[in-house]
Amino acid sequence: MTAAPAAPVTTTRLAEMKAAGEPIVMVTAYDYPSARAAERAGVDMVLVGDSGAQVVLGYDSTVRVSTDEMLTLAAAVRRGTQRAFVVCDVPFGSTEVSDEQAVTTALRFVREAGGDAVKLEGASAARLSRIRAVVAAGIPVVGHVGLTPQTAVALGGLRAQGRDADSAARFVREALAVQEAGAFALVVEAVPAEVVAVVRPALRIPVIGIGAGPADGQVLVFHDVLGITEGRVAKFVKAYAAVGDAMSDGVAAYAAEVRSGVFPAAEHGYAARPEAVAAAEAELARHS
Ligand code: KIV
């Protein structure tokens, strides 16, 4: 007898996990294989992050990725995910114009890509209005405060937030405002743990940290977790494997065998019936 498939994770289940003090595990994914890996590992939430702009599409910033590109990534992740709750990042430029634009974009991520929720960065008055509008349209929203890469230029670069008095007070205001706007969970990025600890008792919604110390859950970028990212990584990254090296070692071994003639060997090909070779030779003779 095969075991019944585990029930899909829902917003209710995530709230229960917070209440029970059960850590929520979230990781990013951007395509079918990364989604399958996350699903098989039993993570609770998968984020189709706009970090995919950099780690899979090779752009120099998250703001360069388009809605259509993100929809393609999100749909592939959905196809690879059955139990995990799929959150789709809405890219820069796809919600900034109006609440109506935000609802239209969020609906595409749910209807075309099959996402369970969308993530909106920031907590300006306009962002809060977008969150309220998307929630009112029946789409669950994850907020994102602290370091918000889509508006990093306005924050003075990709740097930790909440480290001085003004920034810490602003972080607290923003976290509470996003909760009041109706988000069902909140990603907090690159904020000192002591500052996050101050606001957590006032947050009824699950807090998912990334470089933010202890929280109801944690999120990391798939390529960082697996050691695929090249060059410098953020201070909060911990790599659990060296898949990047394994990938280039594997391709290098293949290249060496092609160059030396070791690959392909007989077992990598197909056997022909004796009359097939004779027929091929006869056909060639007719053409010469
Ligand atoms: O795009 C992303 O990967 C993110 C995480 C860093 C939270 O937003």
Side-chain angles (χ1 to χ4, degrees), residues 2-17 24-59 62 64-95 101-121 130-131 134-135 137-144 149-150 183-187 206 208 210 217-226 228 243:
T2 51
V9 177
T10 59
T11 54
T12 308
R13 172 74 192 126
L14 294 167
E16 286 167 2
M17 289 176 78
I24 297 168
V25 181
M26 188 188 215
V27 70
T28 65
Y30 312 98
D31 57 13
Y32 185 80
S34 55
R36 292 301 307 143
E39 178 77 9
R40 287 201 306 275
V43 307
D44 306 299
M45 301 176 85
V46 170
L47 170 65
V48 189
D50 60 0
S51 49
Q54 290 157 298
V55 299
V56 300
L57 299 178
Y59 290 122
T62 59
R64 306 287 300 279
V65 71
S66 70
T67 302
D68 285 342
E69 286 170 321
M70 285 300 297
L71 282 166
T72 301
L73 303 185
V77 168
R78 176 77 279 172
R79 288 191 285 275
T81 314
Q82 287 76 47
R83 175 187 166 273
F85 188 90
V86 175
V87 180
C88 304
D89 248 344
V90 289
F92 186 67
S94 70
T95 60
Q101 185 204 25
V103 172
T104 303
T105 300
L107 282 170
R108 290 191 71 191
F109 278 94
V110 172
R111 298 189 59 221
E112 295 175 33
D116 295 310
V118 295
K119 176 161 80 62
L120 270 83
E121 287 187 12
R130 306 291 182 268
I131 294 173
V134 174
V135 170
I139 299 172
V141 171
V142 176
H144 182 157
Q150 290 179 6
F184 79 92
L186 181 66
V187 167
I208 314 288
I210 174 164
Q218 298 292 325
V219 57
L220 280 179
V221 166
F222 184 87
H223 291 60
D224 291 343
V225 171
L226 294 186
I228 301 172
V243 174

Can you give each donor-acceptor pair under 3.5 Å made by side-chain atoms of residues 39-53, sequence neighbours left out, with the distance rounded to 0.1 Å?
| residue | atom | partner | partner atom | Å |
| --- | --- | --- | --- | --- |
| Glu39 | OE1 | Gln82 | N | 3.3 |
| Glu39 | OE1 | Arg83 | N | 3.3 |
| Glu39 | OE1 | Ala84 | N | 3.2 |
| Glu39 | OE2 | Gln82 | N | 3.3 |
| Glu39 | OE2 | Arg83 | N | 2.7 |
| Asp44 | OD1 | Arg83 | NH2 | 3.2 |
| Asp44 | OD2 | Val25 | N | 2.9 |
| Asp50 | OD2 | Gln150 | NE2 | 2.6 |
| Ser51 | OG | Tyr30 | OH | 2.7 |

Could you measure the distance from the CZ atom of Arg64 to the CD atom of Gln54? Nearest 0.5 Å is fine. 10.5 Å
Taking every heavy atom of Ala183 against every heavy atom of Ile131, the minimum-distance pair comes out as N-CG2, 4.1 Å
Side chain to side chain contact (heavy atoms under 4.5 Å, CB included) involving Glu69 - partner list, sequence neighbours excluded: Leu57, Tyr59, Val65, Ser66
Heavy-atom closest pair, residues Val77 and Asp31: CG2-N, 3.5 Å
Determine whether Val55 and Val221 satisfy the following criterion, side-chain contact (heavy atoms from CB on, under 4.5 Å), listing intermediate values before the conclusion. CA-CA 9 Å; Val55 299; Val221 166; 4.3 Å; yes
How far apart are the closest heavy atoms of Val118 and Val87, and which atoms are they? C-CG1, 4.0 Å
How many angstroms lie between atom CD1 of Ile208 and atom NE2 of His144, to the nearest 0.5 angstrom? 12.0 Å
How long is the span from the CG atom in Leu120 to the OG1 atom in Thr95, to the nearest 0.5 Å? 5.0 Å
May I have the step-by-step check of side-chain contact (heavy atoms from CB on, under 4.5 Å) for Ile210 and Met26, ending in yes or no? CA-CA 10 Å; Ile210 174 164; Met26 188 188 215; over 6 Å; no
Between Thr67 and Ser94, the two heavy atoms sitting closest are OG1-CB, 3.3 Å
Thr105 versus Val90, closest heavy-atom pair with distance: CG2-CG1, 4.0 Å
Side chain proximity check, Met70 to Phe109, heavy atoms < 4.5 angstrom: yes
Any side-chain heavy-atom pair of Phe184 and Val141 under 4.5 Å: no
Do Val9 and Leu14 come close enough that some side-chain heavy atom pair is under 4.5 Å? yes
Exercise: identify the closest heavy-atom pair between Val86 and Thr81: CG2-CG2, 3.7 Å
In Å and rounded to the nearest 0.5 Å, what is the SG to CG distance from Cys88 to Leu71? 8.0 Å
Does anything in residues 108-121 form a salt bridge (Lys or Arg N to Asp or Glu O under 4.0 Å)? List the pairs, not counting sequence neighbours. Asp68-Arg108, Arg78-Asp116, Asp89-Lys119, Arg108-Glu112
